[in-house]
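Remember, it's 1-based here, ligands and their atoms both numbered in the order they're listed. Quantities reported herein were computed from a predicted structural model and do not represent experimental measurements.
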Amino acid sequence: MAYLKYQADYLFTGSEILSSNAVLITNEKGIVETITSASEAGDDIKQLQGLLTPGFVNCHCHLELSHMKGMIPEHTGLVDFILHILQLRHSSEADILEAIANAEAAMKANGIVAVGDISNNALTLSQKIKGNLQYHNFIEVSGFSPAIAQVRFDTALAVYQAFNAHFPDSTVMVPHAPYSVSPQLFQLIDGVTSQHISSIHNQETKDENAFFLTGEGLFNKLYQTIGSDIAAFFKPSKQTSLQTVIPQIQSPKKLLLVHDTFTSQADIDFLQQQAQDYVFCLCANANQYIENLLPPINLFRQNNCIIVLGTDSLASNHQLSILSEMQTIAQYFPEIPMVELLNWATINGAKALNMDSKLGSFSAGKQPSIVLIGNIDNNGSITSNSQAKVILPA
Ligand SMILES: [Zn+2]
């Protein structure tokens with residue numbers, strides 16, 4: 001079998017950035033053989049300008065919402081955003097399927113190889129079984145009234161079974177968010193997530209903590225608007241939303257906490273006393289879109305939290321691009337080293353979704369795809385003009 005050899009200005013291995021002397025060697029299928037020096041690599045080395053990286057992992061997406069691109073105004077805040085989403089779910093199936101296919105193609109073209117995708121229905125299934133990208137399917141359940149817990153669970157179970165038939169090792173049922181799942185529903189979900197990876201939207205807005213701490217804030221408006229009399233069953237726990245629900249999510253081995261915009265040191269201290277592994281999934285562009293905010297990223301770094309990146313959906317993002325997420329974070333947090341951003345975008349995501357035996361780094365035997373980031377600066381860091389291009393598979 002012939003070998004393929006690539007040399008660029010920089011090579012990110014999945015743990016460190018090597019200088020231009022490093023050559024990446026794979027077989028024709030893109031399975032990594034080794035990384036060696038230019039003098040050892042022999043002939044036929046393909047020369048590239050930019051930084052080579054393993055393919056990106058998008059740990060949080062809602063592919064089924066792709067048809068909502070550009071429909072929801074920016075900076076409305078989370079509660080008005082949710083009310084928009086509820087209205088816009090009813091599009092024609094043909095439009096929804098076309099938007100799903102286009103969004104997946106765009107992700108593939110900009111270097112994403114794997115996706116942790118939230119599904120409330122089975123509309124993405126026909127696209128996912130084509131195998132263009134690797135998926136971990138998070139089948140999402142919500143329902144804040146205890147009276148509807150069983151019916152919501154049963155509906156989600158049918159979606160879960162449809163996905164599970166095709167993706168038996170990478171389908172799990174997950175709760176939507178602390179403010180939208182009753183203790184009864186948490187219990188039903190927890191019964192089917194044993195030893196698996198789970199996911200929950202976490203502390204995306206200030207009002208989420210206020211709702212649980214004092215019972216005040218905009219979530220009352222949400223439930224008034226949808227006609228749910230929450231006073232009949234909900235009492236504030238006087239804890240943050242995170243500290244309220246974590247004790248109800250004990251079965252999964254690992255939990256992706258998505259957004260974390262209002263997660264505090266006290267919340268992190270609380271998590272560190274639990275037996276589970278926690279992964280902080282940042283969706284910077286979506287936070288900017290919905291709330292014009294960013295999460296306290298340096299707080300997570302100071303606490304050695306595991307960080308991964310997600311795009312959220314096209315309802316709250318202008319593109320599904322992990323490079324664009326990195327660019328936004330680099331713009332507001334220029335102190336974060338490039339190698340750290342790349343770790344979040346590749347190997348940490350692959351580990352979070354249990355895909356690191358094949359993806360996330362250029363270790364021998366893996367097949368992570370090869371992505372070239374062009375238009376980097378003289379220090380090898382991305383700029384606002386950087387673009388990602390898939391080198392392999394061609
Ligand atoms: Zn989301």
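- With sequence neighbours left out, the side-chain hydrogen bond (donor to acceptor under 3.5 Å, both in side chains) criterion links K366 to S361.
- The cationic atom of K128 (NZ for Lys, CZ for Arg) lies less than 6.0 Å from the six-membered ring centre of Y135 and within 45° of the ring axis.
- Residues Q250 and D190 have side chains that never bring a donor and an acceptor to within less than 3.5 angstrom of each other.
- In the model, D269 has no side-chain atom that pairs as donor or acceptor with a side-chain atom of Q273 under 3.5 Å.
- With respect to the salt-bridge test (charged N to carboxylate O, under 4.0 angstrom), the residues K5 and D43 do not qualify.
- In summary, the aromatic rings of H62 and H201 are positioned with their centroids under 6.0 Å apart.
- Closer than 2.8 Å to the Zn ion (ligand 1) sit the protein N, O or S atoms H60 NE2, H62 NE2, H201 NE2, D312 OD1.
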